[in-house]
Colleague: 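Supplied in C-alpha cells, the structure appears directly below.
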Amino acid sequence: QVQLVESGGGLVQPGGSLRLSCAASGIIFSIYHMGWYRQAPGKQRELVARITNGGRANYADSVKGRFTISRDDAKNTVYLQMNSLRPEDTAVYYCNAALGALDSWGQGTQVTVSS
C-alpha cells in the first residue's frame, strides 16, 4: 500500500553533488514527516535529514551546511540535495515516511563517493 521509491544515487567524486528523490504513494503525503537515513557497511542506520509536515528541517551534524532536504507536496516527493560530498558519505540512503506510530521505508539507493 505504502510505497517509497528513491532515485538519484550513483558514483560521484569527492567534492561533487547529487540530488536524491523519493516519490511516495499510498499516504496522505502532506501530513507525513519525511526523512532520509543512511547506512554504511559496519555501521548502524543513521538519520541524515528530516523535514516535518510543516516544512521544518533538521540535519545530522555531519551533513549540516552541505545537504538540504526539501519537499514538494504537490508532487508527493521529498528531495535531498547533497553538495561537497565526502568519501564518508558513502552509504545506502533510505527514504522514510513517519506519522505517529506509522513508519515506512523505501528500498534504498546507493551513493558512492570515491576518487
Side-chain angles (χ1 to χ4, degrees):
Q1 183 175 335
V2 179
Q3 286 191 297
L4 304 174
V5 181
E6 300 101 330
S7 61
L11 175 65
V12 65
Q13 292 187 336
S17 297
L18 286 173
R19 189 177 78 154
L20 305 183
S21 299
C22 172
S25 61
I27 60 172
I28 304 175
F29 182 84
S30 62
I31 68 172
Y32 273 70
H33 310 305
M34 302 298 298
W36 289 96
Y37 291 71
R38 67 187 181 188
Q39 188 166 25
K43 301 194 71 175
Q44 291 195 93
R45 187 174 297 189
E46 65 173 347
L47 175 68
V48 177
R50 183 175 180 265
I51 186 165
T52 70
N53 56 18
R56 288 169 289 186
N58 61 276
Y59 301 90
D61 287 343
S62 59
V63 309
K64 283 180 180 176
R66 300 188 297 122
F67 291 10
T68 303
I69 189 170
S70 61
R71 65 191 295 159
D72 187 339
D73 289 353
K75 297 181 179 179
N76 284 11
T77 302
V78 63
Y79 305 94
L80 185 67
Q81 178 67 47
M82 305 186 293
N83 299 326
S84 302
L85 283 161
R86 304 165 180 169
E88 53 263 42
D89 295 318
T90 296
V92 178
Y93 283 70
Y94 297 91
C95 180
N96 171 258
L99 183 65
L102 302 177
D103 201 27
S104 298
W105 297 90
Q107 81 287 351
T109 185
Q110 177 71 47
V111 172
T112 302
V113 185
S114 177
S115 301

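Every value quoted in this text rests on a predicted model; they were computed, and no experiment measured them.
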Colleague: State, yes or no, whether a side-chain contact exists between M34 and R50 at a heavy-atom distance under 4.5 Å.
Modeller: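 Contact flag for M34/R50 side chains = no.
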
Colleague: Applying the 4.5 Å side-chain criterion to the ILVMFWY set and letting contacts propagate, would Y37 and V78 be lumped into a single cluster?
Modeller: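 As far as the 4.5 Å side-chain criterion goes, V78 and Y37 are not connected within one cluster.
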
Colleague: What heavy-atom pair brings N83 and S17 nearest, and what distance separates the two atoms?
Modeller: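 Shortest heavy-atom separation between N83 and S17 comes out as OD1-OG, 2.9 Å.
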
Colleague: Students often mix this up, so state it plainly: with edges at 30° and 60°, are the rings of Y94 and W105 parallel, tilted or perpendicular?
Modeller: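 Rings of Y94 and W105: perpendicular, as their planes differ by over 60°.
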
Colleague: Could you check whether atom CD of Q13 has more than 12 heavy atoms from other residues, nucleotides or ligands sitting under 6.0 Å from it?
Modeller: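 12 or below, so no.
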
Colleague: Run the salt-bridge test on D89 and R86 with the 4.0 Å N-O cut-off and return the result as yes or no.
Modeller: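 Salt bridge flag = no for R86 with D89.
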
Colleague: Do R38 and S62 have side chains that approach each other closer than 4.5 Å (heavy atoms only, starting at C-beta)?
Modeller: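 Yes - at least one pair of side-chain heavy atoms lies under 4.5 Å apart.
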
Colleague: Look at the side chain of R19 and the backbone N and O of Q81, then say whether any donor-acceptor pair between them is shorter than 3.5 Å.
Modeller: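 Checking the backbone N and O of Q81 against the side chain of R19, no donor-acceptor pair under 3.5 Å is found.
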
Colleague: So P14 and P87, do their side chains get closer than 4.5 Å, heavy atoms only?
Modeller: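 A side-chain contact exists here, since the closest heavy-atom pair is under 4.5 Å.
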
Colleague: Hydrogens and angles aside, do T77 and D72 bring a side-chain donor and acceptor to less than 3.5 Å of each other?
Modeller: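 No, because no side-chain N or O of T77 sits under 3.5 Å from a partner of the opposite role on D72.
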
Colleague: Find out if a path of hydrophobic residues (ILVMFWY) with successive side-chain heavy-atom gaps under 4.5 Å connects V113 to Y59.
Modeller: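 Cluster IDs for V113 and Y59 match.
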
Colleague: Sub-3.5 Å donor-acceptor pair from the side chain of H33 to the main-chain atoms of L99, do we have one?
Modeller: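 Pair absent, no side-chain N/O of H33 close to backbone of L99.
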
Colleague: Looking only at side chains, do T90 and E88 share a donor and an acceptor under 3.5 Å apart?
Modeller: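 No donor-acceptor contact under 3.5 Å links the two side chains.
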
Colleague: So, Q39 versus Q44: side-chain donor-acceptor pair below 3.5 Å or not?
Modeller: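 Judged by distance alone, the side chains do not pair up.
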
Colleague: Do Y32 and V2 have side chains that approach each other closer than 4.5 Å (heavy atoms only, starting at C-beta)?
Modeller: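 When only atoms from C-beta onward are counted, V2 and Y32 do not touch, as no gap falls below 4.5 Å.
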
Colleague: Within 45° of the axis and under 6.0 Å from the centre of the six-membered ring of Y79, does NZ or CZ of R71 qualify?
Modeller: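 Relative to the ring axis of Y79, which defines the angle, R71 lies outside at least one limit.
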
Colleague: Return the minimal non-hydrogen interatomic distance between F29 and D73, and the atom names on each side.
Modeller: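 The pair with the smallest heavy-atom distance is CE2-OD1, 3.1 Å.
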
Colleague: To the nearest 0.5 angstrom, please state how far the CH2 atom of W36 sits from the CE atom of M82.
Modeller: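 That separation rounds to 8.0 Å.
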
Colleague: I need the minimum non-hydrogen distance between L18 and G8, along with the two atoms involved.
Modeller: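 Distance-wise, the nearest heavy atoms are CD2-O, 3.8 Å.
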
Colleague: Between N96 (side chain) and S104 (backbone), is there a donor-acceptor pair under 3.5 Å?
Modeller: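 Judged by distance alone, yes, a pair lies under 3.5 Å.
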
